[in-house]
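See below for the structure under consideration.
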4 protein chains.
Amino acid sequence: MRREQILRGARACFRRKGFHAASTAEISAEAGVSVANLYQYFPTKDHLIKALIEEDLTSDLDLVGMVEAAGSFRRGLEMTTQLVLADPAMTDDGLLRLEVLAEASRNPEIAAVVREADDHLVAALGALIVRYQNSGEIHPEINAADAARLIVSLYDGLIGRLAFGAAAETELVAAADSFIVRALAAVRAVPDPDM
Amino acid sequence: MRREQILRGARACFRRKGFHAASTAEISAEAGVSVANLYQYFPTKDHLIKALIEEDLTSDLDLVGMVEAAGSFRRGLEMTTQLVLADPAMTDDGLLRLEVLAEASRNPEIAAVVREADDHLVAALGALIVRYQNSGEIHPEINAADAARLIVSLYDGLIGRLAFGAAAETELVAAADSFIVRALAAVRAVPDPDM
Amino acid sequence: MRREQILRGARACFRRKGFHAASTAEISAEAGVSVANLYQYFPTKDHLIKALIEEDLTSDLDLVGMVEAAGSFRRGLEMTTQLVLADPAMTDDGLLRLEVLAEASRNPEIAAVVREADDHLVAALGALIVRYQNSGEIHPEINAADAARLIVSLYDGLIGRLAFGAAAETELVAAADSFIVRALAAVRAVPDPDM
Amino acid sequence: MRREQILRGARACFRRKGFHAASTAEISAEAGVSVANLYQYFPTKDHLIKALIEEDLTSDLDLVGMVEAAGSFRRGLEMTTQLVLADPAMTDDGLLRLEVLAEASRNPEIAAVVREADDHLVAALGALIVRYQNSGEIHPEINAADAARLIVSLYDGLIGRLAFGAAAETELVAAADSFIVRALAAVRAVPDPDM
DNA sequence: GATGAATGAGGGTTCATTCAT
DNA sequence: TATGAATGAACCCTCATTCAT
């Protein structure tokens, strides 16, 4: 209850200001809690950051479920891309991911958390790719784990474009789908007009 | 002279701690300069950050020149990928890019700087892609600008992986080349064993 | 409680050094409080200055009450003069008034506070003068408000003499009383030996 | 030459900001001189302040000359009052006097300078008063030195009113003349409508 | 005589964190 | 559990002053 309330406030502040610039005072205010109370749930600002990051990373796995449920790789990809890169409710979370990666590059503890989540994500997406290799939609000689990593990386990179407000993203999102599909496709596809 | 000296010190500190956590005291110490002296060259810490970012972004254009000079798209790509993602001297700069993007997502002034640099980079890389479309190495119906954006995004995303120390990056870097080449290739290529 | 404690410390420091030369560190030390704590009561050094000034100005009104209670204008004047210009406990506050006026000449917000307090003071003293005009002690054709302003100004000016330690002030204080009385008297008084 | 130039710049800055808030950088800029150059003429900011104060105080003596030249005490008084309190070119200097007095209350060295100038001023004005006592315009039993001190003090106090922008000063200035004249007059004067 | 470059010392302010209640 | 009050340590920045040229 209180914990979630605080995490929600923290998320809002971290998005707006970044981990370092957001103060515990701001966070408690946003959460409607006293500063001292915050410290009863999280012994340190760093713990709060870490808890938030863990929460975020876990939710990434849900996306793989979506691709899985979609029936075709391409269709699942399209749905995910839409959600992650074009849904305003999620792009905010995406931007926070930049902060997380930046932080991970300096804080080994956070790097470990991110790495572990990445392992899970790559494993799940890799398994899915293998399935689509078996169904013939994806080329069989492609290394599934690497493909998974590259797809995730491309998403991350596109989120980076949101950060500086790059225009025409909608169009680019569609192009990204085709890009991935063509890179993995079992058979030569005519490039579609999106690209 | 002094300016460069300070920028060098700032770069080292920002890499190590991030823009917000690096103090002007640390930066001046690292640069071998007094704090007050730093302020004679940069009126504000933000100005220092901005100057550094501008410097970094400009240097990205050099990479396009490399791809251009390589003769074949694939070969140019391989050289660039090696340099950006595997050369220890450059990956550090790469990590700073995450910080830059995170900052851009909050600071419109910095977002503008990044956006402008991105425009230049995409234009240069796009022009190169058009050239390889004409030479038959890249599929003619692909939108060159979008392809450029996707390539840059993939690089950015892979840099994100460096942030949390993802293993086997060398292998992944090679896979990335193939991924891009296959996505853009004019003719169906047999996926190579890298992927 | 703490607020008063801080204001007391501030008053001492401001007297000793002036508004600008007194540091928040000194003030907190004098008040026996941490610097950070000071900032929980006054969001800014300027707020602290303003609060102190308001406090001081309000207390000036008490003096008018004294003149009122004295029964005769001359006697009331003598008591007030003694208090303001010769009582060591008050001359310190008086010196602070110079700082306040100097500050008011540059800071419109403080000027407004001083002006308002002056309006009150002049109104109160003016009303008293009217009373003594009716009782015949003060000449009836004198403009009471202007007279009030001039009396207050003379006090201010005499305080200025304290600032540079002008000698023989005791004697001068007595002379001031006669000066005022003679300027306002209804009938020609023989100048007394004080002047 | 240079010295005067610097003093002029300093005067402007001190007026605008006060002694402590005006920086040597600002002063040199205002004077069109480099900071280092300033230090060749004044070894310390305090020396600069002191020099300026001395310059200002000396000029006060000129005013006594005016009263002297006017022929009648009242007429001389009126001219002086006009000049000091109503001439925009001089009120600025007047405001600086508040700063000087405030500074004198803390800095004994400056207090000494002010005291000495005051002695001269009081002596000159006192001598003049004696002359008008002899001519019958001023009551013979009044202590001339004290009267001089009180007149100067009243001026100082009225300058204080300028600091907070008190309204209707023109009218008050006239009332001040009458106030002084009545306080010193040899014979009962009907209070004039100014008061 | 004149200046650009340099700096130690400090100034106001904020922050993460603690603790008594 | 919840909080208001408190603080040491830093942070960004500015200032008066010096010195090599």
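Chain A is the first sequence line, chain B the second, and so forth, proteins listed ahead of strands; every chain is numbered from 1.
- Not one side-chain nitrogen or oxygen of A:R2 sits closer than 4.0 Å to the OP1 or OP2 atom of F:dT1.
- A side-chain donor-acceptor contact under 3.5 Å links B:E4 to the backbone of B:M1.
- One can place CZ of A:R3 at 16 Å from C1' of F:dT1, the figure rounded to the nearest angstrom.
- Counting to the nearest Å, the P atom of F:dC15 and the CG atom of D:L48 are 16 Å from each other.
- The CG atom of C:L38 sits 5.0 Å away from atom OG of C:S28, with the distance rounded to the nearest 0.5 Å.
- As rounded to whole Å, 11 Å separates atom P of E:dG11 from atom CD1 of C:I27.
- Side-chain contact between D:Y39 and D:T24 is present, with heavy atoms from C-beta onward closer than 4.5 Å.
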B/S/- contact track for nucleotides 16-21 of chain E, protein heavy atom under 4.0 Å: BBBB--
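- As judged by a 4.0 angstrom heavy-atom cut-off over every strand, B:Y41 is placed among residues touching the sugar-phosphate backbone only.
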Pairing pattern in dot-bracket form [Watson-Crick, G-U; both distances under 3.5 Å; | = partner strand] for DNA chain F: .||||||||||||||||||||
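- Inter-residue side-chain proximity for B:I27 and B:F14 is flagged as met; some heavy-atom pair is nearer than 4.5 Å.
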Side chain to side chain contact (heavy atoms under 4.5 Å, CB included) evaluation trace for B:L57 with B:R97: CA-CA 9 Å; B:L57 292 177; B:R97 168 132 179 123; 3.6 Å; yes
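- Between C:K17 atom NZ and E:dG11 atom C1' the separation is 12 Å, expressed in whole Å.
- Rounding to whole angstrom units, CD1 of residue D:I6 and P of E:dT3 are separated by 10 Å.
- Remark: C:N37 is not in phosphate contact with F:dA5, judged by side-chain N or O atoms under 4.0 Å from OP1 or OP2.
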Steps toward salt bridge (charged side-chain N to carboxylate O under 4.0 Å, His left out) verdict (A:D156, B:R161): CA-CA 9 Å; A:D156 278 349; B:R161 297 188 69 77; over 6 Å; no
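- Between C:R16 and C:E30, at least one side-chain nitrogen of the basic residue sits less than 4.0 Å from a carboxylate oxygen of the acidic one, meeting the salt-bridge criterion.
- Looking only at side-chain heavy atoms (C-beta outward), B:L48 and B:L7 come within less than 4.5 Å of each other.
- Following rounding to the nearest Å, B:H47 (NE2) and F:dC12 (P) show an atom-to-atom distance of 16 Å.
- Whole-Å rounding puts the B:F42 CZ to F:dT14 C1' distance at 18 Å.
- Comparing B:E26 and A:L38, the nucleotide of DNA chain F nearest to each residue sits closer to the 5' end for A:L38.
- Applying the side-chain hydrogen bond (donor to acceptor under 3.5 Å, both in side chains) test to every pair with at least one member in residues 44-55 of chain A, sequence neighbours left out, gives these pairs: A:R11-A:E55, A:K50-A:E109.
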